Student: 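To start, I am sharing the structure in question, which I have written as structure tokens.
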Amino acid sequence: EDQVTQSPEALRLQEGESSSLNCSYTVSGLRGLFWYRQDPGKGPEFLFTLYSAGEEKEKERLKATLTKKESFLHITAPKPEDSATYLCAVRDSGGGADGLTFGKGTHLIIQP
Amino acid sequence: SAVISQKPSRDICQRGTSLTIQCQVDSQVTMMFWYRQQPGQSLTLIATANQGSEATYESGFVIDKFPISRPNLTFSTLTVSNMSPEDSSIYLCSVGTGQTKAFFGQGTRLTVV
């Protein structure tokens with residue numbers, strides 16, 4: 001059974017204070033690791049998909065990296081508008097299903 | 001990216017009744033999915049909506065409780081049947097564009113009283 005564990009559950013940072021969010025996963029075969037941002041009352045907003053260990057992707061102040069067991073979402077010099085819940089999900093190559101298995105998310109608060 | 005419209009955005013329903021949620025996409029997509037997001041929990045896949053055939057349900061979800069229609073490549077519905085307070089949740093429609101991305105609608109916030 002696929003498992004996705006995100007840490008920490010919540011993180012409070014000062015504006016400009018860089019940090020990283022962790023996503024540990026267990027799958028039989030990885031067909032993609034996905035990162036999303038979710039604001040209150042809204043659906044998840046797609047950020048990145050990573051496929052193989054060593055891969056990195058960047059978007060503005062966010063950079064996602066991937067190893068064989070975990071992914072990190074690095075946030076550099078965050079701003080208050082980066083406050084949101086960040087979700088990690090995996091797509092497994094086993095079983096033929098194309099849906100995603102999600103972690104519970106990291107609730108990020110950036111204080112001015 | 002795909003633009004996904006979900007209706008209704010929220011509803012309050014009496015126990016024992018049913019609610020049908022609609023999902024409309026602005027382009028043809030092969031894969032459509034329905035998820036549930038309970039308070040404080042992960043998003044959980046309910047089923048894959050297959051065009052022209054029955055939906056494929058995940059463990060713990062059954063067709064009698066969550067019937068799904070997929071009449072074409074841009075539209076799907078999820079019905080939550082014979083509702084109880086435990087069904088109070090956010091229900092989300094998702095579409096996949098190839099294997100690289102997966103987009104979500106804004107969700108339907110359901111409260112059962």
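We name chains A, B, ... by the order of the sequence lines, and we start the count at 1 in each one. Heavy-atom basis, side chains included; hydrogens, waters and symmetry copies ignored. If you're wondering where the values come from, they're calculated on a predicted model, not measured in any experiment.
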Student: If we define contacts as heavy-atom pairs under 4.5 Å, which of Gly105(A), Gly41(A), Gly43(A) has the most with chain B?
Tutor: Gly43(A)
Student: Taking every heavy-atom pair that is under 4.5 Å apart, which of Pro44(A), Gly103(A), Ala89(A) has the most such pairs with chain B?
Tutor: Pro44(A)
Student: Using the side-chain hydrogen bond (donor to acceptor under 3.5 Å, both in side chains) rule, take Ser69(B) and Thr77(B) through it: C-alpha gap first, then chi angles, then the decisive distance, then the call.
Tutor: CA-CA 5 Å; Ser69(B) 77; Thr77(B) 66; 2.6 Å; yes
Student: For the residue pair Glu70(A) and Asn22(A), confirm or rule out a side-chain donor-acceptor distance under 3.5 Å.
Tutor: yes
Student: Heavy-atom distances under 4.5 Å only: say whether Leu92(B) touches chain A with side chain, backbone, both or neither.
Tutor: side chain
Student: Taking atom NZ as the centre, does Lys79(A) end up with more than 12 heavy-atom neighbours from other residues, nucleotides or ligands that are less than 6.0 angstrom away?
Tutor: no
Student: Is it the side chain or the backbone of Gln37(B) that comes within 4.5 Å of chain A heavy atoms, both, or neither?
Tutor: side chain
Student: From Phe33(B) CZ over to Ile68(B) CD1, what is the distance, rounded to the nearest 0.5 angstrom?
Tutor: 11.0 Å
Student: Give the minimum heavy-atom separation between Ile4(B) and Cys23(B), together with the two atoms involved.
Tutor: CG2-SG, 3.5 Å
Student: Report which part of Tyr36(A) has an atom under 4.5 Å of a heavy atom belonging to chain B: side chain, backbone, both, or neither.
Tutor: side chain
Student: With a 4.5 angstrom heavy-atom cut-off, which part of Leu100(A) approaches chain B: side chain, backbone, both or neither?
Tutor: both
Student: Say you draw a straight line from OG1 of Thr49(A) to CZ of Arg31(A); how long is it, rounded to the nearest 0.5 Å?
Tutor: 12.0 Å
Student: With chain A, which of Ser42(B), Gly40(B), Gly105(B) has the greatest number of heavy-atom pairs at distances under 4.5 Å?
Tutor: Ser42(B)
Student: Heavy atoms only, distances under 4.5 angstrom: which of His107(A), Lys104(A), Glu45(A) has the most pairs with chain B? Name it, please.
Tutor: Lys104(A)
Student: Contact part of Glu9(A) toward chain B, heavy-atom cut-off under 4.5 Å: side chain, backbone, both or neither?
Tutor: neither
Student: Would you call the rings of Phe102(A) and Tyr35(B) parallel, tilted or perpendicular, taking 30° and 60° as the class edges?
Tutor: perpendicular
